[in-house]
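Both ligands and their constituent atoms are indexed starting at 1 by order of listing. A quick note: this is a predicted structure, and the numbers were derived from the prediction, not measured.
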Amino acid sequence: MNNKTFPYAYICKKICKIEQANVPIQAKAIQYGIGCFTGIRGFWNSKKKNLYLFRLDDHFKRFEESAKIVGMQFNLNPQRFKKLLIDLIKKNKVKEDVYIRLTLYSRSTQLTPRFDNEGDDLAIYMISLKEYFKTDKGLNVCVSSWRRFDDDVFSVKAKMTGAYASSGLAKTEAIKNGFDEPIFLNRDGKVCETSGANIFGIKDGVVWTPPLSSNILSGITRRSIIPLFRDEMAIPVREENFDRSMLYTFDELFLSGTAAKVTSIISVDRRVIGNGKLGKLTAKVAELYTQAATGELKNYQKWCTPVY
Ligand code: PMP
């Protein structure tokens with residue numbers, strides 16, 4: 001994937017050129033993956049000539065909670081967080097769909113792997129991002145041979161940088177085997193999530209998605225899709241565990257995530273899902289999500305923070 005990186009980043013409490021946003025090789029972030037992160041999308045509305053940041057407050061809260069879970073220092077309040085992002089976006093003159101990556105990482109160069117270091121630092125960069133998955137047909141996915149770790153091993157909820165090595169193992173295996181994306185089962189053998197997105201299935205007019213207790217990340221997109229189904233489409237959503245067998249028999253299946261947005265799945269382990277085409281309800285909820293994220297749905301304008 002070759003997405004344009006915007007020229008300015010934020011690191012060590014300053015905006016600088018991206019080439020100067022560097023981390024020492026001894027840093028615990030590099031040596032031990034000590035850090036946590038989030039990804040926020042800005043959607044460009046060409047009619048309104050404005051960029052809308054999607055669910056900024058919810059991202060702030062999840063990021064702050066991540067720091068709390070792992071014990072890192074995150075000393076921003078929501079107002080400063082918002083100003084920092086908007087200043088950087090304006091400095092980069094962003095007028096297109098953008099993906100903003102924020103990482104609270106350990107810059108400490110001490111040898112001991114700990115999360116409670118002095119001088120934890122926030123780094124931000126941004127890339128232009130329309131579609132994360134380069135497909136208009138839908139994804140061919142597999143069930144990974146790598147299991148999702150339990151919360152008493154690693155915290156998926158904290159979105160720890162180092163924990164994404166697990167996603168890396170599963171994604172690499174999937175791609176090498178000719179699939180687009182892996183689906184993790186958890187230790188109980190229940191369907192969990194993918195390397196970087198939550199999962200939804202639809203069967204007989206009912207939407208299914210694994211519950212938060214199944215070791216999934218509490219996706220901000222997931223939190224948006226659920227009310228769109230329930231309140232705008234009058235479709236019931238069951239946040240319940242389900243098995244691998246059920247995956248194969250859904251009428252429609254899709255992923256949700258900040259980068260992935262809503263992306264349809266057309267096969268799992270080479271079994272065709274539904275009629276192998278983009279599902280109707282998936283297409284409808286994807287459309288509602290796009291409208292909500294670009295500030296076009298009145299009831300959901302609270303999710304959108306205008307930049308300009
Ligand atoms: N699960 C995992 C493992 C992820 O990395 C992501 C992407 N952040 C998601 C789910 C989806 O979360 P969100 O909608 O907040 O991007």
| query | Which is it for Arg223 and ligand 1 at heavy atoms under 4.0 Å: side chain, backbone, both or neither? | reply | neither
| query | What atoms in ligand 1 come closer than 4.0 Å to a heavy atom of Arg148? | reply | 3 (C)
| field | Interfacing atoms of ligand 1 (cut-off 4.0 Å, heavy-atom, Thr258) | value | 13 (P), 14 (O), 15 (O), 16 (O)
| field | Ser256 N/O under 3.5 Å from ligand 1 N/O | value | no
| ligand 1 atoms in contact with Lys159 (distance to a heavy atom under 4.0 Å) | 4 (C), 5 (O), 7 (C), 8 (N)
| Are Thr194 and Glu181 close enough that a side-chain donor and a side-chain acceptor fall under 3.5 Å? | yes
| field | Carboxylate-amine/guanidinium contact Arg107 Glu118, below 4.0 Å | value | no
| Pair Tyr300 + Tyr289: ring centers closer than 6.0 Å | no
| Who gets closest to atom 14 (O) of ligand 1 by heavy atom: Val156, Ile216, Thr221, Ile225? | Thr221
| field | Arg238/Glu240 ion pair, N-O < 4.0 Å | value | yes
| task | Determine, for Lys68 against Glu64, whether the closest basic-nitrogen to carboxylate-oxygen distance falls under 4.0 angstrom. | result | no
| said: So if I count the atoms of ligand 1 from 1 in the order they appear, which ones are less than 4.0 Å from some heavy atom of Gly257? | reply: 11 (C), 14 (O), 16 (O)
| Which atoms from ligand 1 have a heavy atom of Tyr164 less than 4.0 Å away? | 2 (C), 3 (C), 4 (C), 5 (O)
| query | Do any nitrogen or oxygen atoms of Arg222 come within less than 3.5 Å of a nitrogen or oxygen of ligand 1? | reply | no
| Does Gly39 have a heavy atom less than 4.0 Å from any atom of ligand 1? | no
| query | So does Arg244 pair up with Asp269, basic N to acidic O under 4.0 Å? | reply | yes
| Between Ala259 and ligand 1, does any nitrogen or oxygen pair lie at a separation below 3.5 Å? | no
| query | Is Lys190 salt-bridged to Asp243, cutoff N-O under 4.0 Å? | reply | yes
| said: For the 3.5 Å polar cut-off, considering only N or O atoms, please tell me whether His59 and ligand 1 meet it. | reply: no
| query | Is there a path of hydrophobic side-chain contacts, each under 4.5 Å between heavy atoms of I, L, V, M, F, W or Y residues, that connects Ile266 with Ile202? | reply | no
| note | The option among Arg62, Arg55, Arg41 carrying the non-hydrogen atom nearest to atom 15 (O) of ligand 1 is Arg62
